[in-house]
Every structure is written in structure tokens, then in C-alpha cells.
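All remarks here apply to the structure that follows.
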Amino acid sequence: NFSLDGGGAGIPNLDGNHGAAIFLQDCEDISISKVSVRDFHGDAISWQIVHDVVVEDCVIERAHACGLHAGSGSQRPIMRRNVISDCLYGIFWCWGVRDGLAEDNQISSCRRDGISIGHRDTDNMIRGNHITKSAGAGIHFREELSPGHTAHRVRIENNEIHLAEGPDAKGVVIARGVEDADLANNVFVVP
């Protein structure tokens, strides 16, 4: 129940994980609820090696990098009912994130992808999200150096993806090597 304002134009870009409005590392059982992050020149909320984090009912607008950055080695993150707009990526699953859930999020106008998942992210669920007008893909499985490094055993269900106009806009992109991706009951709306 508080707001973080990054100050808007003229504030230098804070690159890297420590440039996040909220940054967590090497901890567990964290709950972030009803927080607003606006105009931040880095990630809005980022965590690395954090287990059982819940981020829910937050509003994130105009983050220079990721809205939510589920970081390396994190287990069982839950990201639900968040409103994320005008970020580079809405939700970015980093390296080795397992058994996570992204559910009922409203993601719009991302400069790259609404949801990006990749490097050894396994056994995750992306369900019931409403993704609109991402410049790249609504959901993007990133291509990695080898097929064994891609995301595996990911279920994508009951999402609604409204494509942006233009040749680069895509609903779901699945990279080579992805195994056991299960897509069910998703709706794609073309402009």
C-alpha cells in the first residue's frame, strides 16, 4: 500500500538488478501487494535467488526495463492480478526460474515482449493473462545458445493476446529446442 515514483525524464538510467525500485536477493517467503511503481529507470520489481515470492495487485507504469523480473534461480514465484504498462518487458523470467505462476495479469504496450521466458525456466504456468499491443510478442520463448538451455515444461492457457499493428508483432514465439510447451484455450486478436 505505497507508491514509488522514479522521477520521470531527466533521471539517469539505473542499469542492472540493483537499479530496481524494489530489489530482493537471497531471501524467501516475501509478499509484495498493492504497490505502485511509476517512471522508474530500471526494473520496477526484481528478485534474484528468492523463493516463494508473491507479487500481487501491483500497478507498474513506464519502467525503463522489466515490470516484473523473476530472477535467476528463483523457485515458486507467484505474480498475479498486476497491471503492467509501457515497460520494456512486462514479465521477464530470467535464468532457472521453476514452478512459477503468472496469472490474471494485465500487460499492455510493452516495447519488446509482454512475457519473456527462457534460460532453463522449467515447470512454469502462464495462465489467464490479458496482453495487449506488445511491440514484439505477447509471449516469447527466448532462443538460447543450445536447445538444452531453453524453457521446458511450460503451460500457457486461457490467455488473451491482442497483437499490436506492424510486422514484428506476434502472439506466441517458441524458440528451437523448447520441449513440452503446452498451449491451451488461448485467444489471439489481430488488429
Side-chain angles (χ1 to χ4, degrees), residues 1-4 20-24 30-40 42-47 50-71 74-94 97-118 121-142 151 154-164 169-174 181-189:
N1 290 315
F2 65 91
S3 295
L4 298 166
I22 297 175
F23 178 72
L24 309 168
I30 303 293
S31 178
I32 300 170
S33 178
K34 298 178 184 173
V35 172
S36 297
V37 179
R38 291 184 175 85
D39 298 311
F40 209 83
D43 289 343
I45 302 173
S46 178
W47 57 95
V50 176
H51 307 317
D52 303 302
V53 65
V54 176
V55 181
E56 60 188 358
D57 302 313
C58 294
V59 175
I60 296 167
E61 298 174 331
R62 298 177 300 278
H64 178 79
C66 304
L68 299 178
H69 185 162
S74 294
Q75 309 295 293
R76 300 171 302 280
I78 296 174
M79 301 162 278
R80 66 179 163 220
R81 297 185 310 272
N82 300 290
V83 177
I84 303 167
S85 63
D86 196 19
C87 301
L88 186 62
Y89 298 96
I91 297 175
F92 190 89
W93 305 69
C94 201
V97 180
R98 298 181 64 106
D99 300 306
L101 173 65
E103 182 176 45
D104 295 331
N105 297 289
Q106 304 290 319
I107 302 169
S108 63
S109 302
C110 291
R111 296 183 301 281
R112 289 239 180 116
D113 304 317
I115 296 176
S116 179
I117 189 165
D121 299 322
T122 57
D123 301 298
N124 294 297
M125 170 75 77
I126 299 171
R127 177 175 61 211
N129 299 286
H130 189 267
I131 304 169
T132 60
K133 298 183 180 178
S134 295
I139 300 172
H140 186 188
F141 285 75
R142 299 185 301 274
V154 177
R155 183 159 174 86
I156 299 172
E157 68 180 24
N158 300 327
N159 298 285
E160 185 172 318
I161 300 173
H162 292 248
L163 277 66
K170 297 168 183 66
V172 176
V173 173
I174 299 178
D182 187 5
L183 283 77
N185 302 316
N186 298 285
V187 174
F188 300 94
V189 179

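Side chains are part of it too, since the values below use all heavy atoms of this structure and drop only hydrogens, waters and symmetry mates. In what follows, residues are counted from 1 in the order of the sequence shown.
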Who passes side-chain contact (heavy atoms from CB on, under 4.5 Å) against [X], sequence neighbours left out?
| X | result |
| --- | --- |
| Asn186 | Ile156, Asn159, Leu183, Phe188 |
| Leu88 | Arg111, Arg112 |
| Asp123 | Arg98, Asp99, Arg153 |
| Arg127 | Leu101, Glu103, Met125, Glu157 |

Checking [X] now: which residues fulfil side chain to side chain donor-acceptor pair (under 3.5 Å) with it, not counting sequence neighbours?
| X | value |
| --- | --- |
| Asp121 | none |
| Asn82 | Asn105 |
| Ser116 | Arg142 |
| Asp182 | Arg155 |

Can Cys58 and Val37 be said to form a side chain to side chain contact (heavy atoms under 4.5 Å, CB included), step by step? CA-CA 8 Å; Cys58 294; Val37 179; over 6 Å; no
Which residues share a ring pair (Phe, Tyr, Trp, His ring centres under 6.0 Å) with His162, sequence neighbours left out: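 Result, ring pair (Phe, Tyr, Trp, His ring centres under 6.0 Å) vs His162: His130.
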Of all residues at least two apart in sequence or in a different chain, which pass the ring pair (Phe, Tyr, Trp, His ring centres under 6.0 Å) check with Phe141?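 Here no residue qualifies.
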Can you see which heavy atom on [X] is nearest to which on [Y], and at what distance?
| X | Y | result |
| --- | --- | --- |
| Ala70 | Val97 | O-CG2, 3.3 Å |
| Ala63 | Gly42 | CB-O, 3.7 Å |
| Ala44 | Ile60 | CB-CG2, 3.4 Å |
| Ala151 | Ile117 | CB-CG1, 4.0 Å |
| Phe92 | Cys66 | CB-SG, 3.6 Å |
| Ala164 | Ala169 | O-CB, 3.1 Å |

Derivation of the side chain to side chain contact (heavy atoms under 4.5 Å, CB included) call for Phe40 and Leu4: CA-CA 8 Å; Phe40 209 83; Leu4 298 166; 5.5 Å; no
With side chain to side chain contact (heavy atoms under 4.5 Å, CB included) as the criterion, how do Val53 and Val55 come out once you've worked through the C-alpha distance, each side chain's angles and the decisive distance to 0.1 Å? CA-CA 7 Å; Val53 65; Val55 181; 4.1 Å; yes
Take Trp47 and Ile22, measure what side chain to side chain contact (heavy atoms under 4.5 Å, CB included) needs, and give me the verdict at the end. CA-CA 8 Å; Trp47 57 95; Ile22 297 175; over 6 Å; no
Looking at [atom1] of [X] and [atom2] of [Y], how far apart are the two atoms once the value is rounded to the nearest 0.5 Å?
| X | Y | atom1 | atom2 | answer |
| --- | --- | --- | --- | --- |
| Ile107 | Tyr89 | CD1 | OH | 13.5 Å |
| Ile91 | Ile45 | CD1 | CD1 | 10.5 Å |
| Met79 | Ile84 | CE | CD1 | 8.5 Å |
| Asn185 | Asn158 | CG | CG | 5.0 Å |

Taking the side chain from Ser109 and the backbone from Lys133, do they hold a donor-acceptor pair closer than 3.5 Å?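 No.
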Enumerate the residue pairs fulfilling salt bridge (charged side-chain N to carboxylate O under 4.0 Å, His left out) with a member in residues 51-63, sequence neighbours excluded, ordered by first and then second residue.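 Listed once each, the pairs are Arg38-Glu61, Asp39-Arg62, Asp52-Arg76, Glu56-Arg80, Glu56-Arg81, Asp57-Arg81.
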